[in-house]
Novice: 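Before anything else, here's the structure in question.
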Amino acid sequence: MKILITEEQIRAKVSKMARTISEKYRNRELLVLIVLKGAFVFAADLLRKLDGVDVRCDFIKASSYGLSTESSGMVKIELIPSLEIGGKDVLIVDDILDTGLTISEIKKWVEEKGARSCEVCVFLDKPERRKVPFEADYVGFKIPNHFVVGYGMDCGEKHRHYPFVAVLE
Ligand code: 5GP
Ligand code: MG
C-alpha cells in the first residue's frame, strides 16, 4: 500500500474547501446531502469546518445496476433523504468523481425534487475516467487513474477507516 495523500495534506485541503463554501453560503441555509457510504469521513471533517452557514444534513445512496460489474450506466437512488429538498440550496458531498454517472444522476434527482440550487463537492476527482461530461463545483484533489482507498473509501468494505488516501499495490 502506498500513501497518495497524507493526513496533513487532507487537513489543509479540507479547511480550504470549507472556507470557500462558507464564503459562498454565509448566513444562508444549506442542505448538505452526503453520498453514502464513501463520503461519510470527508463530510464529517468538512461540515465541522463550515463557519456561519445554517447547515442541515441528510444522506443519499445510489447504486449502479445491470449485468456487468463495470458501472453499467444505470443508477438507482437506494436511500432517499427524509428532509424536504424543494426550494432548498443543496450541496451534494461525495468521496470521488470517477465516470460521473452516479453523481450526475443524483444531481438530476435533486433538481427534479425542486431544489432552488444544487452544487457538488467532491474530495477526489479522476477526470481521465469520465464517461459523461461532469464538473464538480468544489474539488479537493485531482488524481490520476488509480484505485484508491482510505478516508472513507473502501475495497470490499475494507480500509475506509484510514486517515489518509492510499493506492493498493
Ligand atoms: P462514478 O463517478 O463512476 O459513477 O462513481 C463514483 C463512485 O465510485 C464513488 O463515489 C466511489 O464510491 C466509487 N469509486 C470510484 N473510484 C474509486 C476509487 O478509486 N476507490 C474507491 N474506493 N471507490 C471508487
Ligand atoms: Mg460513492
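Worth knowing before you read on, the calculation uses all heavy atoms, side chains too, and leaves out hydrogens, waters and symmetry mates. Ligands are counted one by one from 1 in listed order, and the atoms in each one are counted from 1 as well.
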Novice: In plain terms, say whether Lys108 and Glu111 are close enough for a salt bridge, that is, a side-chain N and a carboxylate O under 4.0 Å apart.
Specialist: no
Novice: Using distance alone, with no hydrogens and no angle criterion, decide if Asp89 and Ser117 have a side-chain donor and acceptor under 3.5 Å apart.
Specialist: yes
Novice: Hey, is Lys131 touching ligand 1 through its side chain, its backbone, both or neither, going by heavy atoms under 4.0 Å?
Specialist: neither
Novice: Could you list the atoms of ligand 1 found under 4.0 angstrom from a heavy atom of Asp95?
Specialist: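 In order of number, 9 (C), 10 (O), 11 (C), 12 (O).
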Novice: Flag the pair Phe164 / Tyr151 as yes when their ring centroid distance falls below 6.0 Å, and as no otherwise.
Specialist: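 Between Tyr151 and Phe164, which both carry aromatic rings, the centre distance is not below 6.0 Å.
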Novice: Keeping to residues at least two apart or across chains, list the side-chain hydrogen bond (donor to acceptor under 3.5 Å, both in side chains) pairs with something in residues 133-146.
Specialist: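 Non-adjacent pairs meeting side-chain hydrogen bond (donor to acceptor under 3.5 Å, both in side chains): Glu119-Tyr138.
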Novice: Would you mind checking if Glu78 and Lys61 are paired as a salt bridge, meaning a charged N to carboxylate O distance below 4.0 Å?
Specialist: yes
Novice: Quick one: list whatever passes side-chain hydrogen bond (donor to acceptor under 3.5 Å, both in side chains) with Lys37, sequence neighbours left out.
Specialist: Glu157
Novice: Taking a cutoff of less than 4.0 Å between a non-hydrogen atom of the residue and any ligand atom, is His159 in contact with ligand 1?
Specialist: no
Novice: On a heavy-atom basis, I'd like to know which of Val75, Ile96, Leu97 is closest to atom 24 (C) of ligand 1.
Specialist: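 Nearest heavy atom to atom 24 (C) of ligand 1 lies in Ile96.
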Novice: Heavy-atom pairs closer than 4.0 Å: do any link ligand 1 to the side chain of Asp94, the backbone, both, or neither?
Specialist: side chain
Novice: Mark up the atoms of ligand 1 that fall under 4.0 Å of a heavy atom belonging to Met153, in ascending order.
Specialist: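 Near Met153, the atoms of ligand 1 are 22 (N).
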Novice: Does Lys126 reach ligand 1, in the sense of a heavy atom lying below 4.0 Å from it?
Specialist: yes
Novice: Does ligand 1 have an atom that lies less than 4.0 angstrom from a heavy atom of Gly100?
Specialist: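 True for this residue.
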Novice: Under 4.0 Å, heavy atoms only, figure out whether ligand 1 is touched by the backbone of Val148, its side chain, both or neither.
Specialist: both
Novice: Does Asp154 come within less than 4.0 Å of ligand 1, judged by its heavy atoms?
Specialist: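 It does, in that a heavy atom of Asp154 comes within the 4.0 Å cut-off of ligand 1.
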Novice: Under 4.0 Å from a heavy atom of Asp98: which atoms of ligand 1 are those, numbered in the order shown and with their elements?
Specialist: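 Those atoms are 1 (P), 2 (O), 3 (O), 6 (C), 15 (C), 16 (N).
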Novice: Under a 3.5 Å threshold, yes or no: a donor from one side chain and an acceptor from the other, between Gln9 and Thr6?
Specialist: yes
